Amino acid sequence: MAPPPDHRRPIKRAAISDQQRRREVALRLQADRRSDAQNRARQLASSVLSLGPEPETEPEVEPEQEMSDASGQLAGRTDLDPVRAARLRGPEVRRWFARQLMLPEWMVDVPPSLDRDWYVLPRPSGKRCFVVSSNGTTISRLRNGSILHRFPSNLPNGARTKDVSGPASSYSILDCIFHEPDETYYVIDMVCWRGYSLYDCTAEFRFFWLNSKLSETGASDPPSQYHRYRFNVVQIYECNLAGLQASYSGQVPYVKDGLLFFNKHAHYQAGNTPLALVWKDNVCSQYVLDTDSKGQIPSQQQVVLELQNDGNLTTSDDPPVALGSLSRDLIAQSGLRVGNLVRVAIRDDYMRLVDGKLDLGKLQLVGKTNHSRAFADTYSKVLFQHAARHAPLRIEDLVASIQSISSTDKSQASDVEMEG
Amino acid sequence: MAMEITQALLAAQSPDSQVRTAAESNLKQFQEQNLPHFLLSLSAELAIEQKPPESRRLAGILLKNSLDAKDSFRKEQLAKQWVAVDPAIKSQIKEALLTTLASQVSDARSTASQVIAKVASIEIPRKEWQDLIGKLLANMTTKETPASLKQATLQSLGYVCEEVSPSDLEQDQVNAILTAVVQGMNQAEHGFEVRLAAIRALYNALDFAQTNFENEMERNYIMKVVCETAVSKEPEIRQAAFECLVSVASIYYGVLEPYMQTLFNLTANAIRGDEEQVALQAIEFWSTVCDEEIAIQEECAGNDEGNSVLHFRFVEKALHVLVPVLLETLLKQEEDQDQDDGIWNLSMAGGTCLGLVACTVGDAVVPLVMPFVQANITKSDWRSHEAATFAFGSILEGPSVEKLAPMVHNGLDFLLSAMKDPSSHVRDTTAWTLSRIFEILHSPSGTIIDQSNLPKIMTVLLESIRDVPNVAEKVCGAIYFLAQGYEDAGSASSVLTPYLGNIITTLLSTADRADASSNRLCSSAYETLNEVVRCSSIPENTNMIGQLLHEILKRLGQTMELEIVSTDDKERQSNLQALLCGVIQVIIQTLNGSEESLPVILQSADQMMVMFLRVFACHSSTVHEEAMLAIGALAYTTGQEFAKYMPEFYKYLERGLQNFEEYQVCSISVGVVGDICRAMDDKVLPYCDGIMSVLLKDLSNAVLHRSVKPPIFSCFGDIALAIGEQFEKYLPYVIPMLQGAAELSTQIECTDEDTEEYVNQLRRGIFEAYSGILQGFKNAKADLMLPHAGHLLQFTEAVFKDKNRDEGVTKAAVAMLGDLADAQGPNLKLLFRDCTFHAEFLGECFQSDDDQLRETATWTQGMIRRVLVS
């Protein structure tokens with residue numbers, strides 16, 4: 001019998017045609033993901049600049065707020081609806097913001113040439129944040145991406161005032177620590193100024209620029225209607241004996257939390273870097289030993305690590321360093337998921353350095369971390385905390401290293417003399 | 001001068017392969033060295049009566065193949081070659097062809113008439129060979145013309161009408177053709193062959209008769225002749241006449257009304273009593289009327305009122321008499337018809353038509369069909385039982401759920417028990433009806449399936465899947481749609497969870513069945529498995545799907561060990577690999593939807609990748625495609641980790657991208673590049689030179705199917721976004737391509753929906769490419785795109801003004817505008833100030849119902865404002 005006419009589909013036929021469906025699904029997913037990827041790029045860009053109409057509300061975001069909320073606020077309430085924000089996946093938001101801030105490593109060894117190549121400054125205690133001023137508003141964001149404040153300021157284009165030189169859209173980005181007691185932003189670095197990027201400039205130049213430019217703007221003026229918070233520059237010292245002493249024991253108008261060291265030749269490098277270091281002891285910081293989730297110092301060192309899909313627990317370094325693992329059963333029992341940050345306690349007697357690598361031995365799961373926490377500890381922090389409990393790097397060690405450098409220099413110099 | 005090629009033509013058909021090959025290569029050489037004389041010699045061979053029929057036949061075939069090809073690119077080339085031939089030689093060839101129409105050998109006449117039409121299809125649109133129609137018609141009007149020449153002439157006219165477009169003929173030529181054709185149908189004057197040729201020519205000429213059908217007198221005349229011909233004494237002629245009526249119903253629905261009573265009687269009589277091939281055309285007439293009315297109703301559904309389309313509701317008016325006629329056909333099954341999937345007989349055509357009637361009139365069909373169902377479904381002879389079930393299954397689409405639900409509810413138990421009927425016809429149609437019920441009426445919120453009957457349904461389906469292959473295949477369909485009904489159910493899909501293990505095991509063993517002849521059951525089983533996986537509730541069933549993944553990987557590994565002796569073996573292997581890769585792809589997509597289930601894929605990623613690479617090594621295009629699709633899904637899931645697979649995978653990716661003959665493979669590979677870019681970010685950089693050069697070559701390839709080109713542009717955007725400023729070195733190649741395509745897209749004439757859609761896809765691809773590049777360069781190399789800003793704004797404006805612009809293009813265009821403003825900032829202040837269309841464009845977007853579009857537009861507006869106030 002002849003087949004049916006070309007265009008006539010018999011009603012009774014094998015119904016399934018899944019291959020075409022698979023193709024269509026794949027194409028649709030690809031298209032969705034492309035538009036997600038492009039939108040994300042748009043979104044992240046505008047989340048720094050936070051475009052859009054007047055800020056209608058000032059979101060009071062507590063730093064302890066949950067991560068999901070933080071991403072909802074990514075670009076301010078006026079720009080984003082929750083549907084879209086929900087598409088930005090948590091870890092991506094975190095990672096992106098993590099990529100923007102330069103994160104110092106913890107000083108576990110004294111770097112060579114400390115007095116020649118480094119600056120030191122007394123670090124204010126408070127919330128590390130990015131402050132962006134543009135288009136008549138100023139926004140500060142915490143490391144996890146959530147908005148800390150949205151306010152007018154004397155920073156370039158930081159408020160809706162008329163006396164602005166240069167285009168309103170050009171933006172400035174400062175790396176700051178917000179110090180609660182005096183409600184002041186202490187500027188520790190300058191990343192962009194009036195649209196001019198300082199990323200690729202050395203610390204030496206950035207600090208010079210910071211010191212000369214910030215004062216031009218009146219950003220350090222006391223708070224007023226168009227300048228909600230004061231911006232102060234932190235005094236930066238050459239890391240010689242005098243500088244180290246001044247920053248270690250000198251009086252500062254803020255609560256001190258350790259010392260920050262910057263390599264003079266280093267560019268502003270986003271993410272963890274050994275070219276910026278943090279160090280502290282009981283004299284220059286109230287918070288030498290990490291507290292647990294209740295604010296108490298635990299008897300055993302606790303470490304926050306990220307759970308990977310292979311069960312390993314890793315640091316937030318790039319690439320991550322695995323410091324231990326959890327068994328599948330334990331993961332299942334405690335309802336943990338990949339990407340969760342977990343707090344584990346270390347039994348001192350199990351922890352050792354093997355071939356320069358840290359082995360934490362047997363880990364004891366304490367629990368999941370607070371939701372606002374965006375990052376695992378870094379490797380250097382784990383080491384520093386361990387050292388702080390057992391054999392801390394003391395201020396005397398720093399001083400000694402500077403003195404020894406100086407003496408080497410002298411001996412070299414005298415060598416030259418002798419030869420001459 | 002024509003060359004003597006008889007010997008070569010005969011030798012080319014010799015049973016001795018050596019002789020044959022030599023002759024073929026001689027002919028080919030002749031063709032390549034002197035095409036005009038080659039064609040002339042062929043036409044001479046065909047024209048000379050004394051030549052052997054075999055050589056004439058081959059000469060005709062070679063001529064035809066020198067003028068026309070299936071592949072559109074080749075076809076265009078051949079037409080160009082013909083146009084370039086010396087006009088004097090062309091006219092000799094055409095004369096020879098016209099002469100051949102008078103041949104005594106019917107084969108030669110018929111070949112000549114086809115070749116004439118091929119030449120006409122090239123020349124008539126170019127306004128050449130304008131005397132062809134006149135010369136052909138002269139054959140018809142000369143009294144002493146022999147019947148054989150008239151027959152060949154009518155055939156030629158028919159073929160010419162088939163080949164050329166109505167706009168290429170003058171109205172007086174059309175009139176003359178119609179007159180000649182209609183006269184040729186005169187029973188008193190002409191014999192069988194002339195009349196058959198005439199009615200078949202009319203079939204092709206109907207498209208040209210627009211003007212004539214608008215004229216009532218001419219229309220009446222044509223319709224009268226066709227209706228008379230539909231009751232000719234010869235069945236072939238009656239069949240051809242009904243084919244004309246089918247075509248009239250489709251082209252001239254709007255003028256049918258006065259003839260409907262006559263047509264109803266004619267078709268009803270034919271369906272009831274005429275020979276099968278005539279009756280089938282009579283049923284097809286009604287199916288076509290349904291098609292038309294469904295289309296009209298769909299068109300009207302958009303408009304609230306006052307539509308200009310005439311809707312005569314012929315089906316509704318004829319319903320009471322038409323439905324009984326169709327129901328009768330259902331009882332005319334053939335023995336063993338369920339063994340042949342492509343079968344087309346009275347019962348199949350009748351059921352198909354009944355289904356269309358149900359779609360056309362909805363609820364009204366139900367009371368007319370149900371008495372037939374009730375009267376026959378309990379009869380013990382298989383024909384009555386099967387016909388009743390078929391009737392019920394046919395009307396499930398169209399009527400409202402409210403109307404059908406009670407009947408389905410009452411009948412479901414009976415249908416389930418009929419899965420044990422002794423007749424396989426009954427079981428086959430019952431399984432098909434169940435799958436229709438699940439497909440059309442079952443949803444999580446519906447009442448057809450609930451906790452009370454689901455256990456029984458599952459039991460019956462999982463038992464019946466062991467039935468003979470044709471029944472088992474339909475049971476697979478039922479399971480497929482049963483699962484699909486829960487697809488978007490959210491938590492409700494866990495209703496299937498208790499059965500999931502059993503369903504999966506059963507489908508796997510069904511795929512393994514030795515009696516799964518021609519592999520159709522095997523592929524139904526795996527494809528059903530896909531839907532079951534998609535609808536399985538995750539993370540609830542993560543472990544089970546994880547186990548399935550291992551089983552499927554094991555099976556994929558086993559395909560590599562199959563013994564391959566024949567090409568059939570090879571094909572079976574690659575089909576099986578395609579199915580298994582398909583299941584893996586679906587598993588990946590399903591498991592990566594939830595953080596809990598993700599590790600299952602990541603743990604097996606290495607193993608999967610090894611398998612895919614081994615499948616590639618077997619090299620077969622379908623497998624290639626399915627493995628590619630699966631790899632795309634895997635890349636998205638593994639993210640940057642995918643980098644470790646690239647060194648091994650890259651060569652296959654490149655091969656896929658170069659496969660322009662099988663454009664779907666190429667297209668899928670392009671999509672996978674996008675997946676990989678998003679997964680690997682800048683880690684894809686080492687592969688970009690290779691990928692970009694293949695993609696650029698693809699774009700310049702005239703043979704590559706055009707549908708692949710828009711995705712390639714989008715893919716440029718993916719690459720640029722991934723590697724950022726590193727894309728700079730490709731700009732000198734990419735920008736001209738994008739500009740060329742943009743220009744092309746404004747020049748293409750949108751004569752049909754396909755072209756319209758293509759233009760939209762192309763533009764969307766272009767905008768997505770620019771978006772990716774602008775974003776990629778934004779931080780470091782934004783200035784590189786500054787020189788192109790003017791062009792981009794102009795192009796966007798042109799697209800904005802195009803009334804055929806679809807929503808996808810709108811989104812991509814608006815987003816690109818924002819990217820442009822974002823990346824270039826104050827540099828574009830003047831440009832944005834001077835061109836004002838963007839305000840209007842954004843205004844349009846704010847009116848849209850699409851949230852995403854409104855959001856993007858808001859963002860773009862912010863970006864442009866920022867530029868304007870800078």
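As the structure is a computational prediction, the values presented were derived from the model and not from experiment. Here is how names work: the chains are called A, B, and so on, in the same order as the sequence lines, proteins then strands, and each is numbered from 1.
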Based on non-hydrogen pairs under 4.5 Å, which of [options] is most in contact with chain A?
{"options": "B:Gly671, B:Gly717, B:Ser667, B:Pro711", "value": "B:Gly671"}
{"options": "B:Lys829, B:Arg436, B:Gln664, B:Glu397", "value": "B:Gln664"}
{"options": "B:Thr528, B:Val586, B:Val672, B:Leu602", "value": "B:Leu602"}
{"options": "B:Gly772, B:Cys353, B:Ser714", "value": "B:Ser714"}
{"options": "B:Glu243, B:Gln585, B:Lys811", "value": "B:Gln585"}
{"options": "B:Gly674, B:Gly632, B:Ser394", "value": "B:Ser394"}

Self-check item: Toward chain B, the part of A:Leu29 with a non-hydrogen atom under 4.5 Å
Solution: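 When you check distances to chain B, only side chain atoms of A:Leu29 fall under 4.5 Å.
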
Given heavy-atom pairs under 4.5 angstrom as the criterion, report whether the side chain, backbone, both or neither of [X] touches chain A.
{"X": "B:Thr433", "answer": "neither"}
{"X": "B:Gln640", "answer": "neither"}
{"X": "B:Phe390", "answer": "side chain"}
{"X": "B:Gln589", "answer": "side chain"}
{"X": "B:Leu598", "answer": "neither"}
{"X": "B:Glu768", "answer": "both"}
{"X": "B:Asn470", "answer": "neither"}

Quiz item: How far does OG of B:Ser347 sit from NZ of A:Lys12, to the nearest 0.5 angstrom?
Solution: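 Going from OG on B:Ser347 over to NZ on A:Lys12, the span is 7.5 Å.
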
Closest heavy-atom pair and its distance - [X], [Y]:
{"X": "B:Gln603", "Y": "A:Asn309", "value": "NE2-O, 4.1 Å"}
{"X": "A:Arg22", "Y": "B:Gly582", "value": "NE-CA, 3.4 Å"}
{"X": "B:Gly355", "Y": "A:Ile11", "value": "CA-CD1, 3.8 Å"}

Exercise. For B:Glu596, look at atom CD and say whether over 12 heavy atoms of other residues, nucleotides or ligands are found less than 6.0 Å away.
Key: yes

Quiz item: When you look at CZ of B:Arg854, are more than 12 heavy atoms from neighbouring residues, nucleotides or ligands closer to it than 6.0 Å?
Solution: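 It does: B:Arg854 CZ has more than 12 such atoms within range.
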
Quiz prompt | Full working for side chain to side chain contact (heavy atoms under 4.5 Å, CB included) between A:Arg8 and B:Thr288 | solution = CA-CA 9 Å; A:Arg8 182 68 54 215; B:Thr288 304; 3.8 Å; yes

